[in-house]
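Report on the structure given below.
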Amino acid sequence: MNYFIITGTSRGLGQAIAEQLISPEHYLFCISREKNNELLGKGKNIEYFELDLNNVEHIEELMTTIISSIDTSSVKGIYLVNNAAVIAPVAFVDSCDVKDITTNITVNLLAPITLTSCFIRLTNEIDVNKRILNISSSSAKHLHPGMSLYSATKAGLDVFTQCVGLEQNTSVAPVKIVSIWPGMIDTTLQEEARSQSKASFPLAEIFSMVKERGMLTTPEETATQIIDYLFKEDIENGEIIDIYDYSKINGLQP
């Protein structure tokens, strides 16, 4: 049995990843703020945990519960997919309030760091295939006004991934860890970005054009690519992987 811990499964990419992993040989632990009953109805080997990752102090207890429930006598692999993220506030940083700043950094960076730390520590004695896949963003490299917080957290997540990869290269029972840039997907994060005023987010018009011209990939298409990397043999520990075809949007102007 392969075990998968996936965050942000209430909708979008997280739901698509979970749906495509449903199998008699797979057991899924799904984590999101709200339970996804549609997802629960699609498979038997699914356990759901409702947790707002902004409450990072509860993560260790949850991960202990999850890992302790794994049948180590039959486990083949254990996988963590850190998918949950928030894009708000999409605005110039001087107009962001402290609560929104804290939530963005907690959910996008502190939560996946904590989940990763717990995963590695709690599975240290389980010598099977273990992988962590962090859903990052090309926003870590391609910088735009109004996205300073989102870009900073994704850049931080990438550096964290690279550092942990170096650490795990010296482990007796190493965990493989990578970050993936999935590109522009038709999700609520994209919807939220293009709904902003041009004054607070100058790129909003471009996001709208990408949607109108059919340049967004679907969560299902992206999930298929991500799962391929979840099982890929020849990945470098700490690798940053970009799977989006940017030729779709190069030179796009409002």
Side-chain angles (χ1 to χ4, degrees), residues 1-32 34-51 53 59 61-84 112 115-136 161 164-165 168 171-180 182 185 187 217-237 239 241 243:
M1 183 75 72
N2 288 313
Y3 293 85
F4 301 87
I5 306 164
I6 311 165
T7 66
T9 52
S10 61
R11 58 192 177 188
L13 181 59
Q15 177 176 334
I17 292 171
E19 286 177 342
Q20 293 186 27
L21 285 172
I22 292 173
S23 162
E25 292 79 34
H26 295 168
Y27 197 98
L28 277 59
F29 300 102
C30 298
I31 304 169
S32 64
E34 298 176 355
K35 188 177 293 186
N36 187 333
N37 290 315
E38 179 187 352
L39 183 59
L40 279 169
K42 294 186 175 182
K44 293 182 178 180
N45 294 343
I46 302 176
E47 198 165 346
Y48 218 101
F49 298 90
E50 293 176 88
L51 175 66
L53 293 178
I59 288 176
E61 181 182 359
L62 174 59
M63 287 295 286
T64 300
T65 298
I66 289 173
I67 300 300
S68 64
S69 70
I70 291 175
D71 182 359
T72 55
S73 67
S74 62
V75 61
K76 293 182 179 179
I78 311 173
Y79 304 82
L80 169 63
V81 181
N82 282 315
N83 165 72
L115 284 157
T116 296
S117 174
C118 292
F119 180 92
I120 293 172
R121 174 168 48 82
L122 294 169
T123 64
N124 191 47
E125 302 299 321
I126 308 174
D127 190 9
V128 296
N129 189 24
K130 295 177 290 187
R131 292 201 174 182
I132 300 171
L133 198 155
N134 291 323
I135 305 299
S136 183
T161 298
V164 173
Q168 287 301 298
S171 175
V172 175
V175 175
K176 283 275 190 178
I177 182 170
V178 297
S179 272
I180 285 194
I185 314 167
T187 63
T217 58
T218 67
E220 292 74 23
E221 291 169 332
T222 306
T224 299
Q225 291 178 285
I226 286 171
I227 290 169
D228 284 344
Y229 276 96
L230 198 58
F231 297 111
K232 194 176 177 65
E233 292 293 333
D234 57 338
I235 59 171
E236 181 182 345
N237 221 346
E239 188 176 358
I241 302 162
I243 63 173

For [X] versus [Y], what's the shortest heavy-atom pair and its separation?
{"X": "Ile46", "Y": "Leu39", "answer": "CD1-O, 3.5 Å"}
{"X": "Leu53", "Y": "Ala84", "answer": "CD1-CB, 3.7 Å"}
{"X": "Lys176", "Y": "Ile235", "answer": "NZ-O, 2.9 Å"}
{"X": "Ala18", "Y": "Cys30", "answer": "CB-SG, 4.4 Å"}
{"X": "Pro182", "Y": "Ile135", "answer": "CG-CG2, 3.9 Å"}

I want to check something: taking the side chain as every heavy atom from C-beta on, are [X] and [Y] in contact at a cut-off of under 4.5 Å?
{"X": "Phe119", "Y": "Ile78", "answer": "yes"}
{"X": "Asn2", "Y": "Glu25", "answer": "no"}
{"X": "Tyr79", "Y": "Asn129", "answer": "yes"}
{"X": "Ile6", "Y": "Asn82", "answer": "no"}
{"X": "Leu115", "Y": "Ile5", "answer": "no"}
{"X": "Ile120", "Y": "Thr116", "answer": "yes"}
{"X": "Ile31", "Y": "Thr9", "answer": "no"}

Hey, are [Y] and [X] close enough side-chain-wise for a donor-acceptor pair under 3.5 Å?
{"X": "Thr161", "Y": "Ser179", "value": "yes"}
{"X": "Asn36", "Y": "Gln15", "value": "yes"}
{"X": "Asp71", "Y": "Tyr3", "value": "no"}
{"X": "Glu34", "Y": "Ser32", "value": "no"}

Any chance you could lay out the side-chain contact (heavy atoms from CB on, under 4.5 Å) test for Asn124 and Val175, step after step, and finish with the verdict?
CA-CA 9 Å; Asn124 191 47; Val175 175; over 6 Å; no
Would a distance-only check, ignoring hydrogens and angles, find a side-chain to backbone donor-acceptor pair under 3.5 Å from [X] to [Y]?
{"X": "Glu239", "Y": "Glu236", "result": "yes"}
{"X": "Asn45", "Y": "His26", "result": "yes"}
{"X": "Thr7", "Y": "Asn83", "result": "yes"}
{"X": "Ser69", "Y": "Ile66", "result": "yes"}
{"X": "Lys130", "Y": "Ile126", "result": "yes"}
{"X": "Lys76", "Y": "Val128", "result": "no"}

Check side chain to side chain contact (heavy atoms under 4.5 Å, CB included) between Glu47 and all other residues, then give those that pass, not counting sequence neighbours.
Tyr27, Phe29, Phe49
Please lay out, stage by stage, how Leu80 and Arg131 fare under the test side-chain contact (heavy atoms from CB on, under 4.5 Å).
CA-CA 6 Å; Leu80 169 63; Arg131 292 201 174 182; over 6 Å; no
What pairs of donor and acceptor atoms, side-chain ones from residues 223-234 against any protein atom, are under 3.5 angstrom apart with sequence neighbours left out?
| unit_1 | atom_1 | unit_2 | atom_2 | d |
| --- | --- | --- | --- | --- |
| Thr224 | OG1 | Gln20 | OE1 | 2.8 |
| Thr224 | OG1 | Gln20 | NE2 | 3.4 |
| Thr224 | OG1 | Glu220 | O | 3.1 |

Hey, could you give me the [atom1]/[atom2] distance between [X] and [Y], rounded to the nearest 0.5 Å?
{"X": "Leu28", "Y": "Lys44", "atom1": "CG", "atom2": "NZ", "value": "15.5 Å"}
{"X": "Leu21", "Y": "Glu19", "atom1": "CG", "atom2": "CD", "value": "10.5 Å"}
{"X": "Leu133", "Y": "Ile180", "atom1": "CG", "atom2": "CD1", "value": "4.0 Å"}
{"X": "Ile132", "Y": "Thr123", "atom1": "CD1", "atom2": "OG1", "value": "7.5 Å"}
{"X": "Glu50", "Y": "Leu62", "atom1": "CD", "atom2": "CG", "value": "11.5 Å"}

